[in-house]
Amino acid sequence: MSLIDSINGFKEENDAVIVAHNYQAGEIQDIADFVGDSFGLAKKVTGLDVKNVIFCGVEFMVESAVILNPDKNIIHPELKAGCPMAEMVDLDDLLEYKQKNPNTAVVSYVNTKAETKAESAICCTSSNAVKVVESVDEPKVLFVPDKNLGHYITRFVKDKEVDIWDGFCGTHDKITLDDVQQLVDKYPDAEIVVHPECRPEVVDMADYTESTAGILRRAHESDKNHMIIGTEKEMGHRLKKEVPDKEYHFPGNPTCQNMKKITLEKVLKSLENLEPIVTVDEELAHRAKKPLERMVRIGRGNE
Ligand code: SF4
């Protein structure tokens, strides 16, 4: 029996659903029941009438799914798949900042650990970050952890003071102007769409700055044959599947190694044994859920 047949067999036998992030390897996306971005997947899980969910993504995404779905078994095929950017927020440093700046609202990107969310006033995604920062009452905001997304926010939010944490996503931050220019030279008519986790100068060069869901939407809407996409290269798998009539080019070919720690073999093992089930301390989950729920109330919290 092939690996794929075994995965499908155990999925049915154990009443499980597989969800995968857009940056998972193509073969993982292909066996998943749902593919999407982190918060979109966590919310998707909420609507599923199933007990066991194999979550193919990195730690902070799995944690969010656990926090929002305490009634389900959220299973992570590779516990060592973490996110270096989420690790860039040291809890003690954040607590010290809060103590020194008691009237500043902490806005955290969903790409953070539960302990960071628990200390935040509200969370945001890459698509609603501007709207969320605009929504808080406080005149001063601390945005954590991504400095590039933080700078992107300040392009639009002019009536608040925004302190920005010094974190970044190594996958997006490594995309340079030079990488983009090389592709522009080759495909001068291409539409350039980049993720707001990219450096400010790369954002300046783009026609559109979008979350992964927005990038997919642009692919559907654009009349260009070539698109230069500034995000993790595996997004190309989904783009090619859903909008096959275009060519997608990824400057610098950025790869998130943590996303690739999940393999078909590990998914099969998780399906077979229905473990490891991820848990989040109840009190921590309670505190981390509040800023997530507050974001959902603001709207567009699905990307
Ligand atoms: S792509 Fe960046 S933000 Fe996403 S998991 Fe990898 S390192 Fe973290």
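Whatever order the structure lists them in is the order used to number ligands and atoms, beginning at 1. Index from 1, following the sequence.
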Requested in this report: Tell me, please, if Cys169 has any N/O/S atom, main chain or side chain, under 2.8 Å from atom 8 (Fe) of ligand 1?
Outcome: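 So Cys169 does not count as coordinating atom 8 (Fe) of ligand 1.
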**Report entry** Glu12 versus Asn8, side-chain donor and acceptor atoms under 3.5 Å
**Finding:** no
Query raised in the report: Looking just at side-chain N and O atoms, do Ser38 and His21 make a donor-acceptor pair shorter than 3.5 Å?
Result: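 Note: Ser38 and His21 side chains miss the donor-acceptor criterion.
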Query raised in the report: Under the salt bridge (Lys or Arg N to Asp or Glu O under 4.0 Å) criterion, do Arg218 and Asp207 qualify, and how do the steps go?
Result: CA-CA 10 Å; Arg218 277 307 314 153; Asp207 298 308; over 6 Å; no
**Report entry** Lys260 atom NZ: more than 12 heavy-atom contacts under 6.0 Å
**Finding:** yes
Report task. Would you kindly confirm whether Ile192 and Tyr152 end up in one hydrophobic cluster when ILVMFWY residues are joined by side chain heavy atoms under 4.5 Å apart? Result ->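 Yes; tracing contacts between hydrophobic side chains, which count when under 4.5 Å, links both residues.
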Report task. Work out whether the distance between some heavy atom of Asn111 and some atom of ligand 1 is less than 4.0 Å. Result -> yes
Query raised in the report: Under a heavy-atom criterion of less than 4.0 Å, does Pro84 contact ligand 1?
Result: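 In this structure, Pro84 qualifies as a contact of ligand 1 - some heavy atom is under 4.0 Å.
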Query raised in the report: At what distance is the nearest protein heavy atom to atom 6 (Fe) of ligand 1, and which residue and atom is it?
Result: Cys256 SG, 2.3 Å
Requested in this report: Check whether any N, O or S atom of Cys83 sits under 2.8 Å from atom 6 (Fe) of ligand 1.
Outcome: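 No N, O or S atom of Cys83 is closer than 2.8 Å to atom 6 (Fe) of ligand 1, so no.
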